[in-house]
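Hydrogens, waters and symmetry mates play no part in the numbers below; they use all other heavy atoms, side chains included.
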Amino acid sequence: MKRSVTVLLLCVLFLGCTRTVVVHIREAGPPSLSPEGMRISDEVISDDIAYIHSIQKRLSALRPTAPKQRYHYAKAHEWLEFAMEEYIENERSGVIEAALGQAEQTILGLEAGTTDISFATPIIVTSTRLREDLWAKIESWKQGQDFHCAPEGIAKLEVRLVWLGHEQLE
């Protein structure tokens, strides 16, 4: 990055004062997504995708065995899939950040070994709640004795319903 800034400064010197050059440099700090308006260069997009992959690696490092942890693991995975797909589609509604936020919150709980991670699935920004019949069925499965048989499928279905609600409004 240092070399690209140097090259950019040399270009500014050669252009003189006849042109205005706007330079966006990412500030130091914890990694995060670039602001939506900066997602126009290959370098920024590559950094953002690397950031999403770093979250996926954190999740992959976890290997939960208990049904509740498997549920949360699958849910975080599905939120990441949602975020990545919307990023690839160049979505500019804030849904990417919301989905990543849900994934990261869940991953932090799993990494910390927290046993009280919420089972609620929020309807995030730019989404709407669809198919109340399916939400009711999901709730009964989560409360039922057979939850341990398919916690991953239940988690995936919940996030997919939120995703579908986003697509409906889109």
Side-chain angles (χ1 to χ4, degrees), residues 1-2 4 24-131 134-135 138 141-142 147-170:
M1 174 139 169
K2 192 173 188 178
S4 62
H24 295 284
I25 299 175
R26 191 182 288 212
E27 293 182 21
S32 63
L33 283 181
S34 301
E36 289 176 357
M38 290 180 61
R39 297 177 192 165
I40 56 174
S41 73
D42 289 344
E43 183 179 335
V44 170
I45 292 168
S46 178
D47 287 349
D48 284 348
I49 290 174
Y51 171 66
I52 295 171
H53 283 292
S54 74
I55 299 170
Q56 289 171 326
K57 285 181 185 176
R58 283 177 49 208
L59 181 63
S60 294
L62 304 169
R63 291 288 171 220
T65 55
K68 288 181 181 181
Q69 282 70 35
R70 289 180 18 233
Y71 165 85
H72 292 301
Y73 179 94
K75 198 171 194 180
H77 180 270
E78 201 61 28
W79 282 119
L80 288 170
E81 290 292 319
F82 183 6
M84 181 62 91
E85 183 67 28
E86 294 303 317
Y87 190 91
I88 290 168
E89 290 180 8
N90 199 22
E91 178 65 47
R92 302 293 177 116
S93 66
V95 71
I96 300 163
E97 292 81 357
L100 280 177
Q102 291 299 316
E104 287 182 292
Q105 183 179 356
T106 303
I107 292 167
L108 284 171
L110 288 168
E111 288 172 333
T114 305
T115 57
D116 62 348
I117 302 172
S118 176
F119 275 79
T121 302
I123 305 302
I124 60 174
V125 64
T126 74
S127 187
T128 188
R129 191 170 167 112
L130 301 175
R131 298 291 310 263
L134 291 178
W135 284 106
I138 289 168
W141 289 335
K142 284 178 11 183
F147 173 76
H148 68 280
C149 294
E152 297 88 352
I154 294 169
K156 184 174 182 173
L157 181 57
E158 285 179 299
V159 176
R160 288 292 171 127
L161 279 173
V162 175
W163 194 344
L164 184 59
H166 168 74
E167 295 297 327
Q168 175 77 21
L169 291 181
E170 193 177 44

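The CG atom of L157 lies 7.5 Å from the CH2 atom of W135; values are rounded to the nearest 0.5 Å. Residue R160 holds its CZ atom at 10.0 Å from CG of L164, rounded to the nearest 0.5 Å. Between atom OG1 of residue T106 and atom OH of residue Y71 there is a gap of 8.5 Å, rounded to the nearest 0.5 Å. Taking CD of Q102 as the start and CD of E104 as the end, the distance is 10.5 Å to the nearest 0.5 Å. Once rounded to the nearest 0.5 Å, the distance linking CD1 of I107 with CG of L80 reads 5.0 Å. To the nearest 0.5 angstrom, I124 atom CD1 is 10.5 Å from W163 atom CH2.
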ask   = E86 and E167: side-chain contact (heavy atoms from CB on, under 4.5 Å), yes or no, with the steps?
value = CA-CA 10 Å; E86 294 303 317; E167 295 297 327; 2.9 Å; yes
request  = May I have the step-by-step check of side-chain contact (heavy atoms from CB on, under 4.5 Å) for E152 and E78, ending in yes or no?
outcome  = CA-CA 10 Å; E152 297 88 352; E78 201 61 28; over 6 Å; no
request  = Show your working on side-chain contact (heavy atoms from CB on, under 4.5 Å) between L161 and T121 and close with a plain yes or no.
outcome  = CA-CA 10 Å; L161 279 173; T121 302; over 6 Å; no
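Remark: of the listed residues H166, E170, E91, H166 is the sole one forming a side-chain hydrogen bond (donor to acceptor under 3.5 Å, both in side chains) with T126.
Considering all non-hydrogen atoms of both residues, Y87 and I96 come closest at CA-CD1, 3.5 Å. Minimum interatomic distance between L62 and Y73 (heavy atoms only, all atoms of both residues): O-CE1, 3.3 Å. V159 and K75 make their closest contact through CG2-CG, 3.7 Å (heavy atoms, listed as atom of the first residue, atom of the second, distance). Here the closest heavy-atom approach between residue P151 and residue P67 is recorded as CB-O, 3.5 Å. The shortest heavy-atom contact between V125 and A98 is CG1-CB, 3.8 Å. Minimum interatomic distance between G165 and S127 (heavy atoms only, all atoms of both residues): C-OG, 3.4 Å.
K142 NZ: more than 12 foreign heavy atoms inside a 6.0 Å radius.
Within the 4.5 Å cutoff, the side chain of H53 has heavy atoms near those of the M84 side chain. Annotation: side chain of V162 is not in contact with side chain of E158 (no heavy-atom distance under 4.5 Å). The shortest distance between side-chain heavy atoms of Q56 and E81 falls below 4.5 Å.
Counted by atom type alone, Q69 and H72 present zero donor-acceptor pairs between their side chains at under 3.5 Å.
With hydrogens and angles disregarded, no donor-acceptor distance shorter than 3.5 Å links the side chain of S46 to the backbone of E43.
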